[in-house]
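Worksheet: one structure, shown below.
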Amino acid sequence: MSDGAAASEGTAVDDGAGIRPVVISGLGWVGAAGCGRQALTEALGDGRVVTSRVEDLDSYGRQHAGPRHSLDYPGGRLAHLAAAQDLSPWLHPRKARRMSQPSKFAVAAAHMACTDASLDVASGAGNMAVVLATNFGPSSFTEGILEQIYTESPEAVSPFLFTESVANAPTAQVALALGATGPNITVTQREAGCLLALGRAAREIENGRAEVALVLAVDEMTALLHRVLNRFGALARARGGEEMARPFDLRRNGTLAAEGACALVMESAAHCERRGGLPLARLRAQVAAFDPTAPSAGWGRRPEALEQRLRQGLRSQGVVVDSIDRIVSGAGGHRHGDWVEAKLLRALWGEAALPPVLVPKATVGDYAGGFLAAAVLAASGVPFASTPGFQQRDPDLGIVPHDGSPSAPPRRLLVSTLGVGGSAAWMVLEP
Amino acid sequence: MTQRQSQKDLSSVAVAVTGLGAVSACGWGIAPLWQGLSRGETMVSQPQKFETSDQRTRLVAEVAAPDAEWRQLFAEDSTVTRADGFALFAAREAMAQAGLDLPMPDLGVFFGGSTAGMAEAEAFYGHLVDGKIGGARLRLVAGHPINSPGDAVARHVGAMGPVVTLSSACASGALAFGAALDALRVGEVEVALAGGADSLCRLTYAGFNSLRAVDSDPCRPFRQGRQGLSMGEGAGVVVLETLQHAMARRAPILGWLVGAGSSCDAHHMTAPHPQGRGAAEAIRSALADGSIDASAVSFINAHGTGTPHNDISEWRAIGSVFGKRAEHLPVTSTKGVIGHLLGSSGAIEAVATLLCLQHRSVHPTPGAGEIDGEMEVDLVTDAPRQIAADSRAVSTSFAFGGSNAALVFASPGSRVEGRQ
């Protein structure tokens, strides 16, 4: 069944329930297909997946390892989505010298988002909040420090590498670059982190602690990290064809790891209106939950329990499932993760047909916020091409992602993401 | 789940503390922590297990080996990291004190941390560099993500509410408390665990040494000649509940989380603003959030790292908020006893603050030397300082990158707005 219980309660509280409305009014993106809102719009519209090859790992003792090297790629699988490297239009090379790669991505995306929102931060962003999500933090700098410790000595550690290795370094660099003195928060909750960061920023605005917030998601992909993810079975394998994410497809076998950043300008609707900003999307509801049956490196076994949490959360915020006419799914092509997502969505809609399901990770890959940016663009009415990599329906999932056919602009979207380890987060966005 | 609160109601929801848990260099549990804090003796010493012989400095506040039950836990699940173990112990202790039975599906978990399973990941990396690939087992990096301790707790207690880990360096734990407070106020959850856990690792120890931010002697917060911090490890966890929820099940009220505030210096990646601008803003924001006048604050549990720049900056922030009264406002630093727990420092210092309020006694700050003449700080030294039964306290946390957080707590017997 669809949400009959909530529907019977009517939509009397379907107006924001007294919480200060917040909107998203600017978007910046650094990814494999380029930089900025237009580049992402085109990539999603074309269904273009831009992959690169990961560097080799010679510096990590492969010469001693022989054929049993525990981090080898059987079959030479090396694809990932490397972010565009020319950030100079948004970040002066002199300033970039003192930043880790995630900090560079984040600061460049932040400037793009502010420009996109026509937000003047030239004289300082005031009490703007900065809330950033990252899966892995500045991994290359962490590896660099460990290399110094293990190949030289602890005394060889570079203070520069250390200060930029902490997970919140990109968040701090954004605040420094913009002069943002509001709350400065870093969320590390795997794939659910980007939506949790959006929700955290919304709370800062709803509670009046900031008028404007920048919400970011950022990650970099190093050779070592890529190989560790591969060993955990997280990454897509070629199997004689292309390495593709293939979300919801019968042949799915992993995700494509991406690097880059997404930045969103979030503000109170009143603030946006006062300054003549143009909202891309309005945040209507946020829900978070956890599946305690999930192992630390996988997903859980109780999609129906997550569905109940989601349903209750939506109901408490006056959102009726029937009113949702688009889904932006965080499915990334994982064998079990996509199964949990599919079962959850199917349970939420019951016997009713699902609205169109957009799966941006098929195009932008996992991590680095491409999913979050795509969800906002979907809310603003950007058309998506057919889902790359999807060819064969999985009868156990019963979900056929968006096939590229034209559809009316959405009125209300459910954005869904399930993190490795059990965390889950959802947003409802409106144009 | 309750109907979400409207904006006008948010500040009127009192949030009760009903359980405390801790692991520190003082021992496994709240009792040894309070005993250690009351004695006011530093636990910073030569470590038994953590290797510092090749580092510039040698001392840490290390957690001693757990008892048999907890050793068994580690033995049974090879993916449980040292930090996970700290978190699990503290969470179990807090929930037991609160009288909450497992599983707790309606629970939310809000954690802060910075190193998580880094110590185990270092072993993985070490094997890799040495070419001992067979030793580089994946289980060593399974707990590397910073969300590992919070997730481990959520898994253990069967939580199905929101689970969120924040990692804003040394402000992480306090920010997690703020996130939990928001979730309780808006009705997202009625009961939550807030806390943090971190373990010692070579990366952070070498990193802080590279910054020349570690004292070769036990840290001396606010003292003349202080040279830096002393690193520690452990966990602090509290059970937070809406008053309605706590009253309905007749839970013991151990204190109140009244307000939370945060800010950013936007000044420098590592150095605090010299005038404590952002720190002062975080304290003001927390007081405003809890509708507490600065004159009602009875003491401050300072960030008090013992680094030359932090302590003077913090003192100026306190002066900026409390004016002339700052000179007569008792200040203590928990780090003087148990060292700096990095991402979980805000969490265990919140526990320490609540213990002080509960026992009507501000714990002393150990450390050699006179108080720095540049500061008129009323540092509690030598012996505990008594406070009234109806007291309020501020706990501060300041981080790399200029991220600042402050929490306001009240005594169990306090008249708290929204409590009735």
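Letters go in sequence order (proteins before strands), and every chain restarts at 1.
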salt_bridge(Arg185(B), Glu206(A)) N-O dist < 4.0 Å
no
Given the options Ala171(B), Gly161(B), Gly401(B), which has more heavy-atom pairs under 4.5 Å with chain A than any of the others?
Gly161(B)
With a 3.5 Å cut-off and no angle check, do the side chains of Glu281(B) and Asn127(A) form a donor-acceptor pair?
no
CA sep, side-chain torsions, deciding dist, call: Tyr150(A), Arg202(B), side-chain contact (heavy atoms from CB on, under 4.5 Å):
CA-CA 10 Å; Tyr150(A) 282 94; Arg202(B) 287 167 66 77; 4.0 Å; yes
Go through the atoms of Thr171(A) and report whether side chain, backbone, both or neither lie under 4.5 Å from a heavy atom of chain B.
neither
Under 4.5 Å between any side-chain heavy atoms of Glu122(B) and Leu146(A), yes or no?
yes
Using modelled atom types only, decide if a donor and an acceptor are shared between the side chain of Ser168(B) and the backbone of Thr186(A) within a distance under 3.5 Å.
yes
Answer with side chain, backbone, both or neither: which region of His268(B) has an atom nearer than 4.5 Å to a non-hydrogen atom of chain A?
backbone
Heavy-atom side-chain proximity of Leu128(B) to Leu224(A) below 4.5 angstrom
yes
Which atoms of Leu203(B) approach chain A - backbone, side chain, both or neither, heavy atom under 4.5 Å:
both
What part of Phe232(A) is in contact with chain B, defined as an atom under 4.5 angstrom from a non-hydrogen atom: side chain, backbone, both or neither?
both
Chain A heavy atoms under 4.5 Å from Phe208(B): which part of the residue, side chain, backbone, both or neither?
both
Do Val228(A) and His144(B) make a side-chain contact, defined as non-hydrogen atoms from C-beta onward lying under 4.5 Å apart?
no
Could you check which of Ala172(A), Pro154(A), Ala175(A), Gly300(A) has the highest count of heavy-atom pairs closer than 4.5 Å to chain B?
Pro154(A)
Between Arg309(A) and Pro105(B), is any pair of side-chain heavy atoms under 4.5 Å apart?
yes
Under a 4.5 Å heavy-atom cut-off, does chain A meet the side chain of Ser114(B), its backbone, both or neither?
neither
Heavy-atom check, side chain of Met269(B) versus side chain of Arg98(A), under 4.5 Å
no
Do Asp151(B) and Arg190(A) pass the side-chain contact (heavy atoms from CB on, under 4.5 Å) test, and can you show the C-alpha distance, the side-chain angles, and the key distance before you say yes or no?
CA-CA 11 Å; Asp151(B) 283 10; Arg190(A) 298 299 301 265; 5.6 Å; no
Could you give the distance from CG (Leu176(A)) to CG (Asp265(B)), rounded to the nearest 0.5 Å?
9.0 Å
Engaged part of Pro103(B) at the chain A interface, taking heavy atoms whose separation is under 4.5 Å:
neither
Parallel, tilted or perpendicular, judged at 30° and 60°: which one describes the rings of Phe400(B) and Phe162(A)?
perpendicular
If one checks every heavy atom of Ser296(A) against chain B at 4.5 Å, the contacting part turns out to be both
Atom group of Thr204(B) that falls short of 4.5 Å from chain A, counting heavy atoms:
both
Please say whether the positively charged group of Arg155(B), taken as NZ for Lys or CZ for Arg, lies over the ring of Phe290(A), i.e. under 6.0 angstrom from the six-membered ring centre and within 45 degrees of the axis.
no
Quick one: do Arg200(A) and Asp182(B) make a salt bridge, cutoff under 4.0 Å?
yes
Between Ala159(B) and chain A, which part of the residue has a heavy atom less than 4.5 Å away: side chain, backbone, both or neither?
backbone
